[in-house]
2 protein chains.
Amino acid sequence: MLHTGVLDDLGRSIAWGEIRPATVLTIAGLEERYEVSRSVVREAVRVLESMRMVAPRRRVGLTVRPRSEWNALDVRLITWNLAGPARQRELGALMELRVAIEPVAARLAATHADDDERDRLAALAARLRELGSAGLGESPEYLAVDIEFHTLILRSSGNEMFAGTLGDVIGEVLAGRTRLGLSPSEPVAEALDLHEIAAGALLDRDGAAAEEAVRGIVLEAHRSALAEGALGDVPEPDGPVRKTGRA
Amino acid sequence: MLHTGVLDDLGRSIAWGEIRPATVLTIAGLEERYEVSRSVVREAVRVLESMRMVAPRRRVGLTVRPRSEWNALDVRLITWNLAGPARQRELGALMELRVAIEPVAARLAATHADDDERDRLAALAARLRELGSAGLGESPEYLAVDIEFHTLILRSSGNEMFAGTLGDVIGEVLAGRTRLGLSPSEPVAEALDLHEIAAGALLDRDGAAAEEAVRGIVLEAHRSALAEGALGDVPEPDGPVRKTGRA
DNA sequence: CCTATTGTAAAAGTCATACTTTTCTGCCAG
DNA sequence: CTGGCAGAAAAGTATGACTTTTACAATAGG
């Protein structure tokens, strides 16, 4: 689809800072740049507008809004950021999001999951143990099982806000972790324990225990990512945004 | 803007279940229904598509996707849901989201907030105490200060995913709570204490304490909302979605 | 010289129409 | 009964004309 192409390219350009905030674009200009018709440009721009990345103003054009106003939870924006220069920063934000959401999701899942989901979680935890003990901690299968474990908890929480696109994004984070070679081939024993503890707690409908175990998992992941310097604590090239007075 | 009108009306119709999942619409049909041109319809539909509420298929039309696939974190969808028949369910989901996010945001804010933000938080907590003691717990000002306190914590976390539109939505939840008359005119003493404790912890850069205090606040809010029956635990009229095998 | 008013044009917004591409459906032949 | 082929339906794309808003400048008045 032409429309998707323009949306993606333009969105990326903005997300990556190639087109900076306060820049003014025009429909006509974009028509030329992408050599497509107004219909296509307008539809792409509408979506960008709905993500609060640009604001149209008559007689002026499309103004690129400041980053702080963008819809940071939009999956497309997250994807663009993960593939761009702010990748590390984005990974850090997502890690923090995991720390916030997964433990609470686990607590909810303890009372809300159905029997099938509980069983599958237990099976997944066991499989992780097997693979981990066999030194396959960075194998594709370990990764796949790990992702399924975590997304299943989110889905079992019964809260659509946790289940939805967030699951996909968290899968992306885990995958990125492996891709960067941050996962040890012999996973930390503690992590394997915690997965089993969490699964057990969910079987027992023990929300508090499930929450604690999952919090242990995500905190450990966050810590080790920080230790590896994968999240980049350095401020943005264009200077720290938050501190300097707000709009 | 015409476009906004169509988007809003159509989105609401779908969110409220007036147009049910699996229903097939056509651009032409919508042109007639709203008496607007194709451009307008197409742009509105594109946004709905970007929210994963409809999926266009050539030679078929626009299929309304199942609720479980919608982008539950989209602010517009949240707004529509809050104004519709699933209001209680949505409030419950948002409460759970608060429980997940605000404590973690508070912990981050402890290390990340600047001096100005810390001072303002302390001032807001103090003001809440004043108003609460004066029996103004359901006054507009108490509400406004409460909202500002919580959104400021989110913003001070330094994580754009917490700060962004989520803040507005959480404000909406707090406002809804007051509007429903759930807020006692004399706020629970515990809540006032916790706000002050949280503010103090943020001044001291004590992340753990800030997290715990804020968790206390949101858990108490969640509990009391549940007790009041404001969140409605009953399953949806059209039957529980999650349990019955997935796509 | 400064201010207010008015006029102009630029750009988004809307409408209508024509054409392209994809793909479902149903018919017809084997 | 099966497979392929043709037609039609609906989305996708392109284009031109017109409307509305509004920034900006020129001009008139104080």
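Numbered from 1 within each chain, the chains take letters A, B, ... in sequence-line order.
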Would you mind writing out the side-chain donor-acceptor pairs for residues 49-64 of chain B within the sub-3.5 Å range, not counting sequence neighbours?
unit_1, atom_1, unit_2, atom_2, d
B/Glu49, OE1, B/Arg46, NH1, 2.9
B/Ser50, OG, B/Val47, O, 2.8

Taking distance alone, no hydrogens or angles, what donor-acceptor pairs closer than 3.5 Å link side-chain atoms of residues 8-15 of chain B to residues at least two apart or in another chain?
unit_1, atom_1, unit_2, atom_2, d
B/Asp9, OD2, B/Tyr34, OH, 2.6
B/Ser13, OG, B/Asp9, O, 2.8
B/Ser13, OG, B/Arg33, NH2, 3.3

The correct set of residues in residues 52-62 of chain B placing a heavy atom under 4.0 Å from DNA chain C is B/Arg58, B/Arg59, B/Val60
Please identify each residue that fulfils ring-ring contact (aromatic ring centres under 6.0 Å, His included) with B/Phe149, with sequence neighbours left out.
-> B/His195
Between side-chain atoms of residues 91-104 of chain B and protein atoms elsewhere (two or more places apart, or another chain), which donor-acceptor pairs fall under 3.5 Å?
unit_1, atom_1, unit_2, atom_2, d
B/Glu96, OE1, A/Asn159, ND2, 2.8
B/Arg98, NE, B/Glu102, OE2, 2.6
B/Arg98, NH2, B/Glu102, OE2, 3.2
B/Glu102, OE1, B/His150, ND1, 2.7

Go through the structure and list residues passing side chain to side chain contact (heavy atoms under 4.5 Å, CB included) with A/Glu138, not counting sequence neighbours.
-> A/Ser185
Nearest whole angstrom, please: distance from the P of D/dT13 to the CG of A/Leu7.
-> 12 Å
Earliest and latest nucleotide of DNA chain C, 5' to 3', sitting under 4.0 Å from a non-hydrogen atom of chain A?
-> C/dA9 to C/dT14
What are the residues of residues 25-42 of chain A, sorted by number, that bring a heavy atom to within less than 4.0 Å of DNA chain C?
-> A/Leu25, A/Thr26, A/Ile27, A/Arg42
Are any non-hydrogen side-chain atoms of B/Ile170 and B/Thr151 less than 4.5 angstrom apart?
-> no
Which whole-number value in Å describes the distance from B/Glu49 CD to D/dG12 C1'?
-> 11 Å
Taking side chain to side chain contact (heavy atoms under 4.5 Å, CB included) as the test, write out the residues that go with A/Leu2, two or more places apart.
-> A/Val36, A/Val40
Residue list, side chain to side chain donor-acceptor pair (under 3.5 Å) with B/Ser37, at least two apart or on another chain = B/Ser39
Residues which pass side chain to side chain contact (heavy atoms under 4.5 Å, CB included) with A/Leu143, listed by chain and number, not counting sequence neighbours = A/Ile147, A/Leu174, A/Ala175, A/Thr178
Under the side chain to side chain donor-acceptor pair (under 3.5 Å) rule, collect the residues that match up with A/Glu141, sequence neighbours excluded.
-> A/Arg127
